[in-house]
There are 2 protein chains.
Amino acid sequence: MSPERTSAAVRARDKLREAILRGEYLPGERLVEAQLCERLGVSRFNARTALQDLVAEGLVEIQRNKGAHVRKVSIDEAIEITEVRMVLEGLVAARAAERVTAEQAAELEEIGQLMRRAVEAEEFRRYSDLNQRLHSLVRRIAGHTTADRLIATLRGQLVRHQYMLSLLPGRPAVSLPQHERIIAAIRAADPKEAEAAMRDHINSVAAAMRGMDVLGGLP
Amino acid sequence: MSPERTSAAVRARDKLREAILRGEYLPGERLVEAQLCERLGVSRFNARTALQDLVAEGLVEIQRNKGAHVRKVSIDEAIEITEVRMVLEGLVAARAAERVTAEQAAELEEIGQLMRRAVEAEEFRRYSDLNQRLHSLVRRIAGHTTADRLIATLRGQLVRHQYMLSLLPGRPAVSLPQHERIIAAIRAADPKEAEAAMRDHINSVAAAMRGMDVLGGLP
DNA sequence: GTCGACGCGATTGTTAGCAATCATGTCGAC
DNA sequence: GTCGACATGATTGCTAACAATCGCGTCGAC
């Protein structure tokens with residue numbers, strides 16, 4: 001009946017990660033240990049280990065004797081990361097197509113339906129949620145632990161850029177048919193087509209990023 | 001003229017990584033902090049940070065209150081890791097084909113020649129070195145920082161399994177034509193073919209691993 | 001003889017404080 | 001006025017001791 005089932009270090013890490021992902025700390029902003037202690041309500045020791053953990057996740061950078069700051073991901077890096085995500089999610093999609101069960105196929109179909117309705121109703125926030133649900137379901141079907149871990153950390157590094165991207169007008173109209181193609185391929189148990197569909201999909205995201213780059217990028 | 005240009009923590013991390021990769025610590029073996037202090041000649045603080053760094057690289061696992069041990073990579077995991085390497089190196093090969101310069105093409109050609117001679121002379125150790133040189137050159141040509149980092153850490157987790165694999169009889173005879181196909185595709189500036197060739201190559205490595213699995217795996 | 005409670009040594013988690021380093025602002029020489 | 005040496009406060013790197021936890025052996029009840 002211990003009041004704490006998780007260690008202070010873990011809670012501090014999760015809290016800090018959330019704060020960075022929410023944008024409460026901006027890219028490049030310094031993370032002074034003493035301030036984090038107050039903010040997170042932990043000792044300096046735990047704050048430090050939290051920082052080191054987030055270095056491993058690619059969210060924070062530490063320079064010796066100069067402290068930690070939120071990692072700044074340039075657009076070029078964001079494109080590289082997206083390229084890597086493309087091949088990883090392609091691998092996962094192919095494997096999902098090899099392993100999908102009947103009830104998982106039904107779940108995919110349902111998400112597809114909901115997505116189409118969300119786009120028709122112009123409920124973009126809802127569509128964005130369904131997007132995450134779809135990718136997450138595909139990963140669950142594939143059950144590829146190694147790829148999952150990497151995709152998760154890469155996603156973390158991209159939150160900022162992806163958020164901007166989702167605001168691009170006309171994006172759902174472009175991505176809906178891509179999502180439907182992915183769903184169809186996995187349901188048809190066609191690994192090659194599933195991989196191709198997923199890669200095309202994420203590749204179009206990378207292309208959109210390159211477009212933003214040309215338009216001026218972010219502050 | 002400072003005697004130390006690198007911190008003790010960094011040196012400790014590199015030393016420990018080397019020791020693990022050389023097999024001086026076996027998978028599953030406990031890494032007691034006090035012992036590491038002696039072995040690495042650093043304080044407990046630095047030994048701890050070295051351990052945490054290697055956790056991030058996937059070489060070490062830490063259980064709360066139970067200490068650190070060398071991570072044990074099962075054959076199933078090794079296959080997963082190799083699958084991920086397959087798509088990552090495929091991506092890198094494709095990009096190398098897009099960016100290769102004339103002199104890099106010549107360097108590729110030279111490695112190809114040396115490989116063929118090494119196989120003919122049955123100098124397998126030399127062939128293995130050339131193998132690493134080839135993959136490393138392809139990465140350098142591609143210049144994909146993000147993929148490089150991931151590939152490096154994945155390779156680290158596999159050293160043990162790959163070593164066993166390289167001892168498999170007849171392996172060079174199988175992989176030589178695959179390597180030559182990769183080289184030809186990159187020299188021909190054909191990204192799709194380069195990716196396909198690289199994936200076939202690494203996929204055959206994964207297949208060999210699965211074969212070992214059936215045969216009983218490792219101790 | 002077997003099982004579980006208990007205690008002890010070993011090991012890790014944590015703390016507080018000191019030392020080293022860096023960024024900044026001030027002063028003086030030119 | 002500008003540049004550089006220098007002092008100073010802020011911040012991180014590190015040490016050593018202390019507290020918490022665990023693995024394991026011992027002992028006793030049944």
Side-chain angles (χ1 to χ4, degrees), chain A residues 1-20 24-72 219, chain B residues 1-20 24-73:
Chain A
M1 224 54 82
S2 155
E4 333 200 9
R5 188 71 222 117
T6 63
S7 73
V10 171
R11 273 178 294 134
R13 164 164 59 80
D14 295 345
K15 252 181 166 177
L16 181 53
R17 187 197 295 113
E18 282 303 315
I20 293 176
E24 295 178 30
Y25 292 103
L26 298 178
E29 188 170 347
R30 280 194 66 187
L31 299 167
V32 180
E33 295 179 359
Q35 295 173 6
L36 291 179
C37 297
E38 280 191 65
R39 180 80 155 70
L40 305 174
V42 297
S43 67
R44 194 156 82 94
F45 178 85
N46 286 324
R48 278 183 77 106
T49 65
L51 282 174
Q52 288 189 318
D53 287 350
L54 295 190
V55 168
E57 294 182 23
L59 292 179
V60 169
E61 271 180 348
I62 293 184
Q63 292 171 292
R64 184 179 166 82
N65 288 325
K66 295 176 87 177
H69 53 267
V70 181
R71 197 180 144 217
K72 216 171 190 164
Chain B
M1 223 55 84
S2 157
E4 333 201 8
R5 188 71 222 117
T6 64
S7 74
V10 171
R11 273 177 295 134
R13 164 165 59 80
D14 294 345
K15 250 182 167 176
L16 181 54
R17 187 195 296 113
E18 283 303 315
I20 293 176
E24 296 177 29
Y25 292 103
L26 298 178
E29 188 170 348
R30 279 194 65 188
L31 298 168
V32 180
E33 295 179 359
Q35 295 172 7
L36 292 179
C37 296
E38 280 192 65
R39 180 80 155 70
L40 305 174
V42 296
S43 68
R44 208 181 129 215
F45 179 86
N46 286 324
R48 277 183 77 105
T49 65
L51 281 174
Q52 287 189 319
D53 287 349
L54 296 190
V55 167
E57 295 182 22
L59 292 178
V60 169
E61 271 180 347
I62 293 184
Q63 291 171 293
R64 185 179 166 83
N65 288 326
K66 295 176 89 177
H69 53 267
V70 180
R71 196 178 146 219
K72 216 170 189 166
V73 177

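When reading the values below, keep in mind they use all heavy atoms of this one structure, side chains included, and skip hydrogens, waters and symmetry mates. This one's a predicted model, so the numbers in the text were calculated from it and none came from an experiment. Chain letters run A, B, ... following the sequence lines, proteins first, then strands; residues in each count from 1.
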Has B:Glu18 got more than 12 heavy atoms of other residues, nucleotides or ligands less than 6.0 Å from its CD? yes
Go through DNA chain C in 5' to 3' direction and return only the first and the last nucleotide with some atom under 4.0 Å of chain B's heavy atoms. C:dT11 to C:dT14
With a 3.5 Å distance limit and no angle check, can you tell me whether B:Glu29 reaches the backbone of B:Leu26 through a side-chain donor-acceptor pair?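 Side chain of B:Glu29 to backbone of B:Leu26: a pair is present.
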When you measure from the side chain of A:Arg30 to the backbone of A:His69, do you find a donor-acceptor pair of N or O atoms at a distance under 3.5 Å?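 Such a contact is absent between A:Arg30 side chain and A:His69 backbone.
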For B:Pro27 and B:Val70, work out which heavy atoms get closest and say how close.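 Nearest pair, atom of B:Pro27 first, then B:Val70: CA-CG1, 3.8 Å.
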Scanning both residues in full, the closest heavy-atom pair of B:Ala8 with B:Asn46 reads CB-ND2, 3.5 Å
Dump the intermediate steps for side-chain contact (heavy atoms from CB on, under 4.5 Å) on A:Arg39 and A:Glu24, then the final yes or no. CA-CA 12 Å; A:Arg39 180 80 155 70; A:Glu24 295 178 30; 2.3 Å; yes
Atom pair CD/CD of B:Glu33 and B:Glu38 - distance to nearest 0.5 Å: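 Reported value, rounded in 0.5 Å steps: 13.5 Å.
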Can you tabulate the close N/O pairs, meaning under 3.5 Å, that link protein atoms to atoms of nucleotides 12-14 of chain D?
residue: D:dT12; atom: OP1; partner: A:Glu33; partner atom: N; Å: 3.3
residue: D:dT12; atom: OP2; partner: A:Glu33; partner atom: N; Å: 3.3
residue: D:dG13; atom: OP1; partner: A:Asn65; partner atom: N; Å: 3.3
residue: D:dG13; atom: OP2; partner: A:Arg48; partner atom: NH1; Å: 3.1
residue: D:dG13; atom: OP2; partner: A:Arg48; partner atom: NH2; Å: 3.0
residue: D:dG13; atom: O6; partner: A:Arg44; partner atom: NH2; Å: 2.6

